[in-house]
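Report on one structure; see the data block that follows.
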Amino acid sequence: MIVIRLSKKKSKSSFFYINVIFKKKSVNGKIIKRIGYYDSLINFGKKYFINYDLFFYYIKRGAKMSKRLFEILK
């Protein structure tokens, strides 16, 4: 199963990448595709960027979103 989820850039930063990854290998697994980013410290404008073409491509093929990413994109 493929999942679209967030992963941190560094351990103590507030910058996250939006990645497509296999669920069973999600901790140390290889990233299939990096489709965007999210920064929680930005107080103005857009906090995230996502390539919607790739996002909908993986959603149509059965990828699931993580709960936290769903709340951000809602």
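Hydrogens, waters and symmetry mates play no part in the numbers below; they use all other heavy atoms, side chains included. For the single chain, residues carry numbers from 1 onward in sequence order.
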Phe49: which other cluster members, linking ILVMFWY side chains closer than 4.5 Å, directly or transitively?
Phe15, Tyr17, Tyr37

Between Ile35, Ile31, Val3, which is the residue that forms a side chain to side chain contact (heavy atoms under 4.5 Å, CB included) with Val20?
Ile35

Nearest 0.5 Å, what's the CG-CD1 distance between Leu54 and Ile4?
9.5 Å

Find the distance between OH (Tyr38) and CD1 (Ile72) and round it off to the nearest 0.5 Å.
4.5 Å

Are Tyr52 and Met65 connected into the same hydrophobic cluster when the rule is that any two of I, L, V, M, F, W, Y join if their side-chain heavy atoms are below 4.5 Å apart?
yes

Between Leu6 and Ser66 the two heavy atoms that sit nearest each other are N-OG, 4.4 Å

If you measure from NZ on Lys47 to CG on Asp39, what distance do you get to the nearest 0.5 Å?
8.5 Å

To the closest 0.5 Å, what do you measure between CG (Leu73) and CD1 (Ile50)?
5.0 Å

Pairwise distance CG(Asn51) to OH(Tyr58) - rounded to 0.5 angstrom
10.0 Å

Whether Lys74 and Glu71 form a salt bridge (side-chain N of Lys/Arg under 4.0 Å from carboxylate O of Asp/Glu) is what I want to check.
yes

So is Arg68 actually on top of Phe16's ring, under 6.0 Å and inside 45° of the axis?
yes

Taking every non-hydrogen atom, the tightest pair across Ile21 and Arg5
CG2-CD, 3.5 Å

Value for CD1 (Ile2) from NZ (Lys64), rounded to nearest 0.5 Å, stands at 11.5 Å

